[in-house]
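See below for the structure under consideration.
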Number of protein chains: 2
Amino acid sequence: MARIDETAKLFKIYSDVTRLRIIDLLTQGEFCVQDICRRLSLQQSTVSHQLKLLRDENVVTRRRDGKNVYYALKDEHVRTIYEMARSHVEEC
Amino acid sequence: MARIDETAKLFKIYSDVTRLRIIDLLTQGEFCVQDICRRLSLQQSTVSHQLKLLRDENVVTRRRDGKNVYYALKDEHVRTIYEMARSHVEEC
DNA sequence: TTGACATATGAAAGTTCAATCATATAAAAT
DNA sequence: ATTTTATATGATTGAACTTTCATATGTCAA
């Protein structure tokens, strides 16, 4: 039962369009918050809130460099999950 | 953009504990609505509503036999996605 | 040390979604 | 035909989630 809860949680973090757009961008590399805002036309607050959720679920890593904070996908796992889902969607 | 929307939708259908419990049960075979209710201790209405969502997203198939309606996982795709997510959770 | 820029975060507002209730439809049994 | 059993579904309520607004925190430059 706890296993199913965890699985639902895994799917949930990827189930929001804003978060998925951020993840999609991060497949291209590391970006700071501003970059993400500009590229995706999102408010800074929205992005920071979603990045916090992604961080809490170990989807992204955080690195501060001066005033900027850079985010990147945590590991290949994340990339794999995203790519797999994307390719599954293509097939339909 | 439409691709990302579709991907989010795919993740969303798997992101609810009740739906995931139903999917988990259906990995064992075909069950009618009542069976699902009994096995998972859920109300008939709850189960029917969730089965409708799963049907709309092509996760399950429906087969009527007399008064009963039997549901099963639509294809191996669904099984693959679920198994993959589960095994990913195990690793953490 | 003050001002400017970047990010984070609490609270309120807005939105989506699941469970429940009531009821409709469908099939079989009497 | 009517009752019983199984399933589906519209409407409502309540909870969970996302966005926005306002503001706080952190870093650098002047």
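Lettering of chains follows the sequences in order, A, B, ..., and the numbering in each one begins at 1. Values in this document were obtained by computation on a predicted structure and should not be read as measured data.
Nucleotide C:dT16 holds its P atom 17 Å from the CD1 atom of B:I13, rounded to whole Å. Rounded to whole Å, atom C1' of D:dA8 lies 16 Å from atom NZ of B:K67. Summarising the geometry, the separation between CG on A:D5 and P on D:dA16 is reported as 13 Å, rounded to the nearest angstrom. Remark: C1' of D:dT18 and CG of A:D56 are 15 Å apart, rounded to the nearest angstrom. At whole-Å resolution of the value, CD in A:Q34 and C1' in C:dA4 are 12 Å apart. Going from atom OH of A:Y14 over to atom P of D:dC17 covers 17 Å, rounded to whole Å. Atom pair B:L20:CG and C:dA18:P shows a separation of 12 Å (rounding to whole Å applied). One atom, CZ of B:R64, and another, P of D:dT5, lie 17 Å apart when rounded to the nearest Å.
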Candidate pair A:R63 and A:E30, rule salt bridge (Lys or Arg N to Asp or Glu O under 4.0 Å), full reasoning: CA-CA 10 Å; A:R63 175 178 75 81; A:E30 199 187 44; 2.9 Å; yes
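Ring pair A:H88/B:H77 is perpendicular by interplanar angle, where above 60° counts as perpendicular and below 30° as parallel.
Between A:S45 and C:dA8, a side-chain N or O to OP1/OP2 separation shorter than 4.0 Å is absent. OP1 or OP2 of C:dA18 has not a single side-chain nitrogen or oxygen of B:T46 nearer than 4.0 Å. Distances shorter than 4.0 Å separate none of the side-chain N or O atoms of A:R19 from OP1 or OP2 on D:dC17. Remark: A:R62 is not in phosphate contact with C:dT7, judged by side-chain N or O atoms under 4.0 Å from OP1 or OP2. Between A:T18 and D:dT18 there is no side-chain polar atom (N or O) within less than 4.0 angstrom of OP1 or OP2.
Closest to the side chain of A:Q43, out of C:dT9, C:dT20, D:dC21, is D:dC21. Of the listed nucleotides (D:dT18, C:dA18, C:dA8), C:dA18 has the atom at the smallest distance from the side chain of B:Q50. When distances run from any side-chain atom of B:N68 to the nucleotides C:dT7, D:dT9, D:dA6, the shortest one goes to D:dA6.
By the criterion of a centre-to-centre distance under 5.5 Å and near-parallel planes under 30°, the ring of A:H49 forms no stack with the base of D:dT18.
Side-chain contact between B:Y71 and B:L54: absent, with no pair of heavy atoms (C-beta onward) separated by less than 4.5 Å.
Look at A:D5 and A:K9 and you find no salt bridge, because none of the NZ, NE, NH1 or NH2 atoms lies under 4.0 Å from a carboxylate O. A salt bridge does not link B:E6 to B:R3: none of the charged nitrogens lies less than 4.0 Å from a carboxylate oxygen. A salt bridge does not link A:D24 to A:R21: none of the charged nitrogens lies less than 4.0 Å from a carboxylate oxygen.
Looking at B:Q44, its side chain comes within 3.5 Å of the base of D:dA8 through a donor and an acceptor atom.
No engagement by B:I36 is indicated, since no non-hydrogen atom pair under 4.0 Å with the nucleic acid exists. Using a 4.0 Å heavy-atom criterion, one finds that A:Y71 contacts the sugar-phosphate atoms exclusively. In this structure, A:L42 reaches neither bases nor backbone, as no heavy-atom distance under 4.0 Å exists between it and the strands shown.
Residue order along DNA chain C, read from the 5' end via each residue's closest nucleotide, puts A:V33 first among B:S15 and A:V33.
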